[in-house]
Amino acid sequence: MDHAVTGQEALSRIALADDLDTVEALRVEFLGKQGSISGLLKTLGKLDPEARKLEGPRIHALRESVSEALAARKTALETAALDARLAAETIDLSLPAPATARGVVHPISQVMDELAEVFADLGFAVATGPEIEDDWHNFTALNMPESHPARAMHDTFYFPDHNDDGREMLLRTHTSPVQIRTMLKDGAPLRVIAPGRVYRSDSDATHTPMFHQIEGLVIDKGIHLGHLKWTLETFLKAFFERDDIVLRLRPSYFPFTEPSVEVDVGYANEGGRRVVGGSGDAPGHAWMEVLGSGMVNRRVIEAGGLDPDEWQGFAFGTGVDRLAMLKYGMDDLRAFFDGDVRWLSHYGFSALDVPTLSGGVGTPA
Ligand code: PHE
């Protein structure tokens with residue numbers, strides 16, 4: 001066996017390999033399980049001790065030099081490939097950025113973020129509940145027993161089947177069931193808002209079968225109507241970003257609040273759109289209803305698992321879509337749910353425009 005020739009030939013073939021696949025093929029040919037050098041190593045066992053003393057170091061040295069040459073060639077080829085890629089892949093950092101960012105935040109999402117920001121500042125947490133509700137949480141626990149006429153007023157979407165507790169299932173008609181769920185889960189005291197989707201079988205220019213509400217609930221000791229009025233006034237001023245918001249509180253009726261108060265804000269018509277601000281009794285102004293509210297009914301506090309002699313509270317509910325239309329000047333509610341990109345790119349918000357009280361709670365993109 002002439003190892004010197006084998007070795008020289010191997011090294012020159014490795015030096016000539018001009019891609020990584022060839023290097024790998026050579027590695028298999030020489031050093032693989034069936035490789036020629038591996039084959040030489042296997043012959044050592046059959047040699048007599050004298051010959052083995054002579055051949056052993058030579059074969060090992062051969063294997064060593066071949067594997068070193070393979071590794072060196074591999075590194076050289078990889079380095080060359082990387083250099084070529086770096087030379088080819090250039091980025092011109094002086095080019096202008098793409099003209100417009102695609103995708104905008106829907107006004108409803110933006111307004112819900114704005115509301116969360118305004119109320120977070122007043123110490124309110126965000127609570128949630130299911131859109132598929134049972135009639136106990138949606139009605140009964142809110143002091144609307146089965147025969148209550150207010151149930152009929154809600155145009156409820158019912159499911160054909162009852163749940164495991166035998167309760168009728170429905171799409172929640174308002175966010176008020178979250179009041180019950182939050183009291184049962186977290187007890188008192190409480191300060192939460194609950195924004196979300198609600199459903200009523202109703203459809204025209206100002207009503208869609210699905211729309212958005214935000215609920216507010218405060219439960220504590222010694223809560224009275226003054227707290228409700230101050231909270232709503234502070235919230236509306238922060239949300240509309242003006243100090244001249246004037247509220248009018250009117251006696252009303254909701255089964256789950258007693259007394260119940262409907263809240264109007266003063267507005268004027270400017271350039272064909274409603275702009276809130278000023279007293280509704282001022283010249284050129286009128287009142288517009290924006291909120292339902294009141295002191296939480298004792299029976300609702302009881303249904304929430306709390307003692308109404310110990311805990312009192314106020315609650316309010318309003319339409320998020322209506323607030324968005326008022327603040328940003330849209331006139332057709334149905335456009336909110338059409339998914340028309342032209343409408344969205346006009347009324348949408350930049351994803352980077354996160355509402356903050358210090359930076360302003362909303363500016364269209
Ligand atoms: N749930 C009422 C509605 O949908 C609004 C409301 C909430 C009124 C809380 C009073 C208190 O009209």
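In each ligand, atom 1 is the first atom listed, and ligand 1 is the first ligand listed.
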Item checked: For atom 5 (C) of ligand 1, closest protein heavy-atom neighbour -> G317 CA, 4.0 Å
Note to self: For R200, which part has a heavy atom under 4.0 Å from ligand 1: side chain, backbone, both, or neither?
What the structure shows: side chain
Notebook entry, point to check: Can W287 and D281 be counted as having a side-chain donor-acceptor contact under 3.5 angstrom?
Noted result: yes
Margin query: Are the side chains of V290 and D264 in contact, using a 4.5 Å heavy-atom criterion?
Written below: no
Check: Would E131 and Y199 count as having a side-chain donor-acceptor pair, cut-off 3.5 Å?
Finding: yes
Next item on the list: Below 4.0 angstrom from a heavy atom of S176, which ligand 1 atoms are there? Numbered from 1 as shown, please.
Entry: 1 (N), 7 (C)
Notebook entry, point to check: With a 3.5 Å cut-off and no angle check, do the side chains of T231 and R191 form a donor-acceptor pair?
Noted result: no
Note to self: Suppose we call two aromatic rings close when their centres sit under 6.0 Å apart. Are H174 and F256 close by that rule?
What the structure shows: yes
Next item on the list: State whether E258 and R299 are salt-bridged, where the test is any N-O pair (Lys NZ or Arg NE/NH1/NH2 against Asp/Glu carboxylate O) under 4.0 Å.
Entry: no
Check: Considering only heavy atoms of Q213, which atoms of ligand 1 have at least one such atom less than 4.0 Å away?
Finding: 3 (C), 4 (O)
Next item on the list: Please check if the distance between the ring centroids of W343 and H106 is under 6.0 Å.
Entry: yes
Item checked: ligand 1 to T173 polar contact by distance, N or O atoms, under 3.5 Å -> no
Check: Among all protein non-hydrogen atoms, which one is nearest to atom 2 (C) of ligand 1, and what is the separation to 0.1 Å?
Finding: F256 CZ, 3.7 Å
Checklist line | Contact with ligand 1 for M295, non-hydrogen, under 4.0 angstrom | finding: no
Check: What is the nearest protein non-hydrogen atom to atom 9 (C) of ligand 1, stated with its residue, atom name and distance?
Finding: E215 OE2, 3.3 Å
Margin query: Please list, in number order, the atoms of ligand 1 under 4.0 Å from a heavy atom of S293.
Written below: 8 (C), 10 (C), 11 (C)
